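Shown next, in structure tokens, is the structure this report addresses.
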There are 4 protein chains.
Amino acid sequence: MGTDVKNSSLILIELVSKNLSEVSEEEVDKCIEIILSRRDKKIFIMGAGRSGLVGRAFALRLLHLGYEVHVLGETLMPSVNKDDLVIAISGSGSTKLVVTAVEAAKRVGATILGITSFPDSPLGKLSDFILQVKGRVMPTKEANSRDYFARQILGLHEPLAPLGTLFEDTCLILLDAMIPILMNKLNLSEEDLGKRHANIE
Amino acid sequence: MGTDVKNSSLILIELVSKNLSEVSEEEVDKCIEIILSRRDKKIFIMGAGRSGLVGRAFALRLLHLGYEVHVLGETLMPSVNKDDLVIAISGSGSTKLVVTAVEAAKRVGATILGITSFPDSPLGKLSDFILQVKGRVMPTKEANSRDYFARQILGLHEPLAPLGTLFEDTCLILLDAMIPILMNKLNLSEEDLGKRHANIE
Amino acid sequence: MGTDVKNSSLILIELVSKNLSEVSEEEVDKCIEIILSRRDKKIFIMGAGRSGLVGRAFALRLLHLGYEVHVLGETLMPSVNKDDLVIAISGSGSTKLVVTAVEAAKRVGATILGITSFPDSPLGKLSDFILQVKGRVMPTKEANSRDYFARQILGLHEPLAPLGTLFEDTCLILLDAMIPILMNKLNLSEEDLGKRHANIE
Amino acid sequence: MGTDVKNSSLILIELVSKNLSEVSEEEVDKCIEIILSRRDKKIFIMGAGRSGLVGRAFALRLLHLGYEVHVLGETLMPSVNKDDLVIAISGSGSTKLVVTAVEAAKRVGATILGITSFPDSPLGKLSDFILQVKGRVMPTKEANSRDYFARQILGLHEPLAPLGTLFEDTCLILLDAMIPILMNKLNLSEEDLGKRHANIE
């Protein structure tokens, strides 16, 4: 069984790796550029469920980088203003609470960066910029055959990565991969981040 | 720059993959066994900061598997009872809030499963079972040379994966890799999980 | 100044007391009846901002009474099913996130209990049952003259209870006042509640 | 039954009112003074369970007043620095997680304002300033006879305000009563608060 979990983890990471390799370089460039341009604005992170948790993990690093960042669903939610940045994460792009909040933010003039598998989704259509991240929901032939392969090895009757797992895990790694690039651009050291890290937990 | 983020994401995933390959099969087996044995008990997930977020992502999947699960720091926290399971996640194993809560849970007779890089840490010593997950904090020679390699490619002056990033990302993938194994053992389909998934977000 | 805060607290409590006295006995009866009838169903509490916090405080007591209760916005959110109970709290009755979630819950057949100042609001219209709680938003002549009185005493240029304060504080006291009645009906002692209270915080 | 809840709410508010009247004017003065002196520092609110929710409700108003405020247990927790203000709320003054976090904050030189029923508690001893708020835990003869009276009227076998209810409700009203005084001192209008209020919920 130990072998099963280790195999399953290594196959899972291969599937994530595949998704990462399909991310658009132009879209990622744009994300970095937009985030760098919001140094003196507020950034709002929005997502529900596990996508919201991935967004929170990114939000914490933005806080460590010195940004004023807020997360939809936390207690402390200030007003969104014109030119603030909203980063909304939803694999399907149609999570109701996220779309509702994004609509409200757009109305006051915020810039919307949507991270989704579906550019044509409600979130995609509301977004000023899109970062497309694939999940299992848009399997290529190759992804399908890897998934099939995984089931064979592990004797699974069900998918290795149920529901939004692949989208969520790919997003976490991709967003974490932006951090060292942002650190370089902002000339921040790990020590700088550490100084802003919580010290009472 | 796009290339930089993509490269950074692919190197990050290599580092995670390396950590995954060093997880002990016996320890992972034991985790699956303990979780399966708590079908009719409460499971409490504890972690601070980004480790807490990874714990919450796992908690959501346990909920989808039909477990009664609670997370330290959420509003709705019932009492911990004898034989309940605590899964505590802390890379350093010395996060004060986690250690304090684990001590209290141990006092009432809960079983402690500690996920940490350091078996000799306060959390490690309180744990009935340990799942050791390496972060950057315990670099092998090979991990160091990979890190060095990453900095060369990307021209970074600072680590690719600052602070607890490697521990946190490795934990997420490893815990997600347990889900299909648990599904198989519990004879649950993706549809079963979907039925328990939030439907009002 | 100390005198000012004490005076302001005693006037605030008078305003809350006035609002409490205007609550409908029939509506409160109905609330108790509905909650008692959901002993084996899930209860979902929904509210944003400070109304959400008041909802969480009530949710904790329902947990202590032995209910399975969930709160919109917490990590652990299961599916809403037919006959589950939604208690939605919004002074204006038009908080977008709350209305969106209530619509989704109504679609799957949940019973909606709306707590609001405005029965004609979107939330009011979606509700199967309404508990009307006044805030400052619907001042009677008397409330206005009390408010005026408060400003005179304290030399305030602005309202004593800005924004939703009166609605929120009235709701907390009213919901807390339901607890001893529910305890009586359910034959539960304070000790029973204490046993379910968090013991690791 | 409706009558019961209304009676119970009116008795509850009388009990809260009694507690409010016993708050020390000097201590409340000091609170206002300390908060006013932290205009350019961070304020951290700490509390567990329902006391934590009351703290969050106050935190939201401090945010509306323009303070940089953070809440223990929320995702976004920066570092505490020398001269930052910690407002810790615990009726018993011995809530483990709160005491642990306060100790850590004190070590880095933060100022501790403890709100508790027990000045001699661990929290009380760690505090630079104390705001004593009574709960049921320190009943005066009069409070006891009111409680007895309440049970007679309502035919209750158990207390009207179980566990920490009286402490929590008294704190909410008292902290809300500080807001108009702070608004006056800071020369802020309700409109100023409204502009900082969340606009996407």
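Bear in mind that the values here come from a model prediction, so they are computed numbers and not experimental data. The analysis underlying the following values was restricted to heavy atoms, covering all of them including side chains, and did not include hydrogens, waters or symmetry mates.
Other residues, nucleotides and ligands place more than 12 heavy atoms under 6.0 Å from the CG atom of Asp40(D).
Interface residue Asn199(C): only backbone heavy atoms are found under 4.5 Å from chain D. Residue Asn184(C) touches chain D through its side chain alone, counting heavy-atom pairs closer than 4.5 Å. Both the backbone and the side chain of Ile13(D) have a heavy atom closer than 4.5 Å to some heavy atom of chain C. Both the backbone and the side chain of Val16(D) have a heavy atom closer than 4.5 Å to some heavy atom of chain C. Proximity to chain D is limited to the backbone of Ile200(C), based on heavy atoms less than 4.5 angstrom apart. Contact annotation for Ile179(D): only side-chain heavy atoms (C-beta onward) come within less than 4.5 Å of a heavy atom of chain C. With a 4.5 angstrom heavy-atom cutoff, Leu12(C) touches chain D only via side-chain atoms.
Ranked by heavy-atom pairs shorter than 4.5 Å toward chain C, the options Asp176(D), Thr95(D), Leu60(D) are led by Asp176(D). By number of non-hydrogen pairs under 4.5 angstrom with chain C, the leading residue of Ala57(D), Cys31(D), Ala48(D) is Ala57(D).
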(request) Just do the side chain to side chain contact (heavy atoms under 4.5 Å, CB included) check on Leu163(D) and Glu190(C) with the steps written out, would you? (result) CA-CA 7 Å; Leu163(D) 305 171; Glu190(C) 185 173 25; 4.2 Å; yes
(message) Evaluate Thr165(C) against Arg61(D) for side chain to side chain contact (heavy atoms under 4.5 Å, CB included), listing each step before the verdict.
(response) CA-CA 10 Å; Thr165(C) 302; Arg61(D) 283 289 181 260; 3.0 Å; yes
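Minimum heavy-atom separation, Ser8(D) to Ala177(C): OG-O, 2.7 Å. Nearest heavy atom pair, residue Gly49(D) against residue Glu201(C), reads N-OE1, 3.7 Å. Heavy-atom minimum distance, Pro159(C) versus Pro180(D): O-CB, 4.1 Å. Here the closest non-hydrogen pair linking Ser9(C) and Ile173(D) is O-CG2, 3.9 Å. The two residues Leu188(D) and Glu158(C) have their closest heavy-atom pair at O-CG, 3.8 Å.
In this structure, the side chain of Asp169(C) does not engage the main chain of Leu172(D) through any donor-acceptor pair within 3.5 Å. Under a 3.5 Å cut-off, the side chain of Lys6(D) and the backbone N or O of Val23(C) do form a donor-acceptor pair.
Using a cutoff of 4.0 Å between basic side-chain nitrogens and carboxylate oxygens, Lys185(D) and Asp4(C) are not scored as salt-bridged.
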